[in-house]
Amino acid sequence: MDAQRREINDAAIYIEQNQIIWVGSMVDLPEQYRDADQVENLTTQIVTPGFINTHHHMYQSLTRAVPTVQNAELFNWLQGLYPIWANLTSDMIKISTRTAMIELLLSGCTTSSDHLYIYPNGATLDDSIEAATEMGMRFHAARGSMSVGQSQGGLPPDSVVEKEVDILKDSQRLIEQYHNSERFSMLKIVLAPCSPFSVSTELMRDSALLAREYGVSLHTHLAENDNDIAYSLEKFGKTPTEYAESLGWLGKDVWHAHCVKLDQPGIEKFAQTKTGVAHCPCSNMRLASGIAPVRNMLDHGVAVGLGVDGSASNDAGHMLNEARQAMLLQRVGFGPAALSARESLEIATVGGAQVLNREDIGSIASGMAADIISFDLQQLAFAGQHDPIAALIFCGSSQVKHSLINGKWIIYDGELQTYDQQKIILEHNHAASNLLNS
């Protein structure tokens, strides 16, 4: 996924610390790079840049397949789950973040954003950050928020919304305490009011002003389904794109989740302003929101990345599977050539980097971060394949053999190196039971 989109057989990649120094054919490897401290032979494997997840709600892995909302559309789904999420605790946030990250890591993800917008019972974004640091994943922690409850015409119950002055104060604290703007940063803070139907116009505008003062990115949900569009037109008298533009929510430092119902003027405005889109095909299908016009977005030059979304609306967090579904769903909607396997991989890598406004991840090239994954081509899912790159998308979704993040092995020979996976699963199942029964 470098500028030339090279596909190299018999490749060599030379890394120093957390940075890729040289990439090319093995026969061309310079002599000074042949005597490395560690050499890994991946000759039966396909090596790609690490995948980049641009939209998630990791706490929702505690509420997978909840019976009461299995057949609901977005608004009813949210209204059914808000009362359950109101019982979340700090420990539950940490446990669910670890679980979600293991699932992502094993499926090839090396960088993830997480949109946490509900903070009951003393929970804070610090809980997610602590867990991400333990897991070794490159992390964009989005300080979400909800401030408009049902009594004010919003969707969430009043019990789970916050005061806007507190939201902005905490947002500033988090930026000052955690945000790292340096190249190869492992942690960035994002300001992310949840959605137009759960926060005020003032909070959207003030968050944009605060983000630009500190040089951090902005993120929210936009144009997710028909009800979302109807709410925007009735409440604000504007389409979602018009509303976002009126509040300063377009630009290279902004990305919006879903955009299933983004109209043609919206697509053109996103392209013109370099505003990004987090495409979440599995969630969009699960909630029957529709088929996002990704082909049209790409043709107009919109930056598009992949998002697994929360594990209560997917209900998985498998990045390679998400890339496969992105390809298949575009074909269902717009024809068999609507999205190729290589284009889907591009969305999962360099597309995600563009959406997160990063120039140091998403490709295997000199000067880029050492975020690299590999898949073993000898496994059953790839038996009989004739194009290993396309096979990653067309064939059964597999798990990584190795994952190198910031120059460190986080997955090695299929095994997580940073945490006891079985211990996390047991803790997570216990927490999920407690949450639903509290």
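In this text, all values refer to a predicted model and were calculated from it rather than measured experimentally.
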When you measure from the side chain of [X] to the backbone of [Y], do you find a donor-acceptor pair of N or O atoms at a distance under 3.5 Å?
X      : Y      : value
Asn429 : Leu426 : no
Ser374 : Lys401 : no
Thr133 : Ile129 : yes
Trp77  : Ala312 : yes
Ser198 : Cys194 : no
Glu73  : Ser289 : no
Arg324 : Ile393 : yes
Arg331 : Ser340 : no

Is the charged tip of Arg138 near the ring of Phe184: under 6.0 Å from the six-membered ring centre and within 45° of its axis?
-> no

Do you know which of Ile347, Thr111, Val400, Leu345 makes side chain to side chain contact (heavy atoms under 4.5 Å, CB included) with Phe51?
-> Leu345

Nearest 0.5 angstrom please: [X] [atom1] to [Y] [atom2], how far?
X      : Y      : atom1 : atom2 : answer
Ile361 : Gln354 : CD1   : CD    : 11.0 Å
Phe197 : Phe236 : CZ    : CZ    : 10.5 Å
Met135 : Thr99  : CE    : OG1   : 8.0 Å
Thr241 : Glu268 : OG1   : CD    : 10.5 Å
Tyr119 : Glu162 : OH    : CD    : 7.0 Å
Thr44  : Asp376 : OG1   : CG    : 4.5 Å

Asp309 and Ser283 have their tightest heavy-atom pair at OD2-OG, 2.7 Å

Where do Val350 and Ser363 come nearest, in terms of heavy atoms and distance?
->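 Scanning both residues completely, I find the closest heavy atoms to be CG1-CB, 4.1 Å.
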
Does CD belonging to Glu415 count more than 12 external heavy atoms closer than 6.0 Å?
->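 Counting neighbours around CD of Glu415, 12 or fewer heavy atoms of other residues, nucleotides or ligands fall under 6.0 Å, so no.
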
Counting only heavy atoms not in Gln17, do more than 12 sit closer than 6.0 Å to its CD atom?
->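 No, because the 6.0 Å sphere around CD of Gln17 holds 12 heavy atoms or fewer from other groups.
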
Assess whether salt bridge (charged side-chain N to carboxylate O under 4.0 Å, His left out) is satisfied between Arg173 and Asp126, documenting all intermediate values.
-> CA-CA 11 Å; Arg173 174 191 69 84; Asp126 306 68; 2.7 Å; yes

Walk me through it: do Glu164 and Arg205 pass the test salt bridge (charged side-chain N to carboxylate O under 4.0 Å, His left out)?
-> CA-CA 12 Å; Glu164 297 187 355; Arg205 184 179 291 114; over 6 Å; no

Please determine whether a side-chain nitrogen of the Lys or Arg among [X] and [Y] lies less than 4.0 Å from a carboxylate oxygen of the Asp or Glu.
X      : Y      : answer
Glu130 : Lys94  : yes
Arg342 : Asp387 : yes
Asp228 : Lys261 : no
Glu343 : Arg295 : yes
Arg183 : Glu359 : no

If we count only N and O atoms by modelled type, under 3.5 Å, do the side chains of [X] and [Y] hold a donor and an acceptor together?
X      : Y      : answer
Glu16  : Tyr33  : no
Gln60  : Asp315 : no
Gln325 : His318 : no

Does the ring centre of Tyr117 sit less than 6.0 Å away from the ring centre of His57?
-> yes

Can the ring centres of His258 and His55 be said to be less than 6.0 Å apart?
->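 Aromatic pair counts; centres sit under 6.0 Å.
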
Let me see the working for Lys169 and Asp166 under salt bridge (charged side-chain N to carboxylate O under 4.0 Å, His left out), right down to the final yes or no.
-> CA-CA 5 Å; Lys169 183 178 180 180; Asp166 295 336; over 6 Å; no

Start with the C-alpha gap between His256 and Phe270, add the side-chain angles, then the distance that decides, and say whether ring-ring contact (aromatic ring centres under 6.0 Å, His included) holds.
-> CA-CA 10 Å; His256 296 278; Phe270 270 49; 5.5 Å; yes

Option from His56, His221, His140 for which ring pair (Phe, Tyr, Trp, His ring centres under 6.0 Å) with His115 holds =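 It is His221; the other options fail the test.
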
Worked check of salt bridge (charged side-chain N to carboxylate O under 4.0 Å, His left out) between Arg5 and Glu346 | CA-CA 9 Å; Arg5 299 296 188 267; Glu346 186 163 333; 2.9 Å; yes

Which is it for Asp28 and Trp22 under the side-chain contact (heavy atoms from CB on, under 4.5 Å) test, yes or no, and what are the steps along the way?
-> CA-CA 10 Å; Asp28 297 325; Trp22 189 91; 4.1 Å; yes

